[in-house]
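To keep things clear, I will list the structure first and then write my remarks on it.
Side chains are part of it too, since the values below use all heavy atoms of this structure and drop only hydrogens, waters and symmetry mates.
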Amino acid sequence: MRRATETYVARGVTTAHDGGVTTDMWNNYMTAHRRGLLKNRVQLLPKHGAYDFSLAPTTRCGTPLTPDGMLSMGAVKLFQDGSLQGYTGYLTNPYHAIINEGLPDGKLWRGYAIRSGEELIDLVVKYHRQGWQVAIHGNGDAGIDQILDAFEAAQKAYPRFDARHIVIHCQTVREDQLDRIKRLGVVPSFFVVHTYYWGDRHRDIFLGQARAERIDPLHSALKRYIPFTNHNDTAVTPMDPLLFVWSAVNRLTGSGQTLGPDQAIPVLDALKSVTIWGAYQFHEERSKGSLEPSKLADMVVLDENPLETAPERLRDIGIRATIVGNRLVYGSI
């Protein structure tokens with residue numbers, strides 16, 4: 001944990017989210033806080049099936065868990081499918097290139113859901129009724145359909161204003177699903193560096209050209225005025241928020257090809273997706289996410305102004321200093 005927090009502040013991260021906290025992890029965080037090991041704030045997302053919910057002092061996301069606000073309560077985390085590069089993301093249409101021998105009745109491989117849609121609805125309704133925000137991992141569009149069905153069923157059974165339930169990754173979300181996300185007030189949390197790390201393989205192997213062009217469709221969300229976030233999945237990929245910004249703006253693959261230029265967004269909106277919209281996603285926009293009177297003194301000092309830097313150089317901007325709670329935790333000023 002000491003090593004992780006040092007890595008995060010070196011990349012300018014003032015608040016991180018641990019998306020799947022078990023009971024042991026929860027206790028470790030509390031111990032690390034008591035020992036003064038945490039340099040950045042962390043919001044803890046209890047993992048369904050692995051966390052003792054009797055430990056939770058509240059169901060309200062964004063509630064501080066420590067007097068200094070270094071730890072806060074997050075959403076309940078669930079998983080509904082896997083990953084496209086693992087052939088376990090649940091798609092409506094088959095994978096682009098895969099050996100399908102041995103599948104029954106000539107069916108083609110589409111991945112699979114972790115649980116049935118009915119089971120997911122039961123779980124989400126339960127947590128929603130208890131007052132929790134719910135964040136569900138969903139990469140494939142068939143999995144996202146099930147997730148949105150569950151969120152809609154929960155709101156129909158127990159209407160709750162501003163729940164801000166979340167689709168984590170939301171990688172192959174369709175245009176019609178974005179319309180539904182807007183209507184339901186759901187927040188998509190994109191993993192936009194998919195375009196860089198797996199974009200070439202998504203195009204050539206997993207999805208084909210047309211679907212790959214639309215992975216992490218930030219512009220489609222932006223034109224609907226949907227507040228979205230861009231996250232990282234450490235240790236799947238290294239923590240580097242400026243790389244998220246670079247990917248959102250340029251959408252370059254590892255081979256240097258542009259994947260889905262129509263889904264690129266302006267630098268300012270990319271910055272919002274890792275600052276104020278991140279705070280909004282987890283009900284912390286009144287205390288974090290922008291530099292305003294009465295908010296926490298959490299900020300990062302960059303070597304260059306990203307609004308004036310050439311777009312292709314955004315990921316190369318250095319971190320001069322990271323400040324959390326008016327305390328210098330990395331670098332110098």
Side-chain angles (χ1 to χ4, degrees), residues 14-21 41-48 51 53 56-65 69 71-78 80 120-138 144-170 173 176-190 218 220-231 269 271-290 292-296 298:
T14 58
T15 293
H17 302 99
D18 198 326
V21 173
R41 305 180 195 276
V42 186
Q43 190 171 87
L44 308 182
L45 282 67
K47 183 178 180 181
H48 165 74
Y51 173 75
F53 280 85
T58 179
T59 64
R60 187 174 179 82
C61 185
T63 301
L65 295 171
L71 296 175
S72 62
M73 178 57 76
V76 174
K77 177 68 177 291
L78 294 90
Q80 186 59 10
L120 182 64
I121 287 173
D122 289 343
L123 281 175
V124 171
V125 169
K126 180 187 75 170
Y127 285 122
H128 175 87
R129 175 171 49 83
Q130 293 172 356
W132 288 98
Q133 184 184 24
V134 181
I136 308 179
H137 168 121
I144 294 170
D145 273 331
Q146 292 178 318
I147 293 168
L148 296 180
D149 286 346
F151 289 157
E152 187 156 16
Q155 287 286 20
K156 184 176 181 180
Y158 303 97
R160 197 171 99 216
F161 174 72
D162 210 25
R164 303 184 198 178
H165 295 316
I166 306 162
V167 182
I168 301 290
H169 303 330
C170 208
V173 64
D176 64 292
Q177 290 175 323
L178 286 170
D179 290 336
R180 201 174 173 196
I181 282 172
K182 172 71 173 181
R183 177 171 57 82
L184 292 172
V186 169
V187 181
S189 184
F190 295 111
L218 307 187
S220 290
L222 188 63
K223 71 181 183 181
R224 289 172 169 82
Y225 300 99
I226 297 171
F228 58 84
T229 61
N230 277 311
H231 67 268
D269 295 306
L271 290 169
K272 289 179 180 179
S273 74
V274 295
T275 53
I276 188 62
W277 291 343
Y280 170 85
Q281 176 179 281
F282 285 106
H283 296 268
E284 295 185 320
E285 72 275 14
R286 293 185 179 180
S287 62
K288 300 176 182 176
S290 59
E292 298 179 66
S294 81
K295 287 193 173 184
L296 294 167
D298 295 357

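- Contact annotation: the side chain of R129 never approaches that of R160 to less than 4.5 Å [non-hydrogen atoms, C-beta and beyond].
- Residues that satisfy the salt bridge (charged side-chain N to carboxylate O under 4.0 Å, His left out) test with R183, not counting sequence neighbours, are E152.
- By the side chain to side chain donor-acceptor pair (under 3.5 Å) test, Q146 pairs with Q80, sequence neighbours left out.
- Checked by atom type and distance alone, the side chain of K77 pairs as donor or acceptor with a backbone atom of G19 at under 3.5 Å.
- K47 is linked by a salt bridge (charged side-chain N to carboxylate O under 4.0 Å, His left out) to nothing, counting only residues two or more places apart in sequence or in another chain.
- When the options D298, T15, T275 are evaluated for a side chain to side chain donor-acceptor pair (under 3.5 Å) with K288, the one that passes is T15.
- Between L148 and V167, the closest side-chain pair of non-hydrogen atoms falls below 4.5 Å.
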Criterion salt bridge (Lys or Arg N to Asp or Glu O under 4.0 Å) on R180 and D149, from CA distance to verdict:
CA-CA 10 Å; R180 201 174 173 196; D149 286 346; 2.6 Å; yes

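- Under a 3.5 Å cut-off, the side chain of R164 and the backbone N or O of Y280 do form a donor-acceptor pair.
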Apply side chain to side chain contact (heavy atoms under 4.5 Å, CB included) to I147 and L78, showing your working.
CA-CA 10 Å; I147 293 168; L78 294 90; over 6 Å; no

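- Minimum heavy-atom separation, P57 to L65: CG-CD2, 3.6 Å.
- The salt bridge (charged side-chain N to carboxylate O under 4.0 Å, His left out) search around D122 returns none, not counting sequence neighbours.
- Inter-residue side-chain proximity for Q130 and Y158 is flagged as unmet; no heavy-atom pair is nearer than 4.5 Å.
- Counting heavy atoms from C-beta outward, C170 and Q177 have side chains that stay 4.5 Å or more apart.
- Looking at heavy atoms from C-beta onward, I226 lies in side-chain contact with P188 at the 4.5 angstrom threshold.
- Shown here for V134 and Y127, the closest heavy-atom pair between the two residues is CG2-CB, 3.9 Å.
- Salt-bridge annotation for E284 and R41: absent, with no side-chain N of the basic residue lying under 4.0 Å from a carboxylate O of the acidic one.
- The shortest non-hydrogen separation linking Y51 to V21 is CB-O, 3.6 Å.
- Looking at residues two or more places apart in sequence or on another chain, you find no salt bridge (charged side-chain N to carboxylate O under 4.0 Å, His left out) involving D269.
- Heavy atoms from other residues, nucleotides or ligands lying under 6.0 Å from CZ of R286 number 12 at most.
- For the pair L178 and S220, the tightest heavy-atom approach, listed with the atom from each and the gap, is CD1-CB, 3.5 Å.
- Taken to the nearest 0.5 Å, the CD1 atom of I276 stands 6.5 Å off from the CD atom of E285.
- By the 4.5 Å heavy-atom criterion applied to side chains, H137 and H169 are counted as neighbours.
- Nearest approach of A221 to F190, heavy atoms of both residues: CB-CE1, 4.1 Å.
- Side-chain contact between V76 and F53: present, with at least one pair of heavy atoms (C-beta onward) separated by less than 4.5 Å.
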Could you walk me through whether S273 and L218 pass side chain to side chain contact (heavy atoms under 4.5 Å, CB included), step by step?
CA-CA 10 Å; S273 74; L218 307 187; over 6 Å; no

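- Summarising the geometry, atom SG belonging to C61 is positioned 5.5 Å from atom NE2 belonging to H283; distances are rounded to the nearest 0.5 Å.
- Taken from CG in L45 to CG in D18, the straight-line distance is 7.5 Å, to the nearest 0.5 Å.
- Put simply, the side chain of Q133 never gets that close to the backbone of G74: no donor and acceptor are under 3.5 Å apart.
- Of the options K272, H17, Q281, a side chain to side chain donor-acceptor pair (under 3.5 Å) to T229 is made by Q281 and by none of the others.
- F282 is not listed as a side-chain neighbour of S72, based on a closest heavy-atom distance of 4.5 Å or more.
- Residues passing the side chain to side chain donor-acceptor pair (under 3.5 Å) test with K126: none are found, sequence neighbours excluded.
- Aromatic ring centroids of H165 and H128 lie under 6.0 Å apart.
- Closest approach of L120 to A150, counting heavy atoms only: CG-CB, 3.9 Å.
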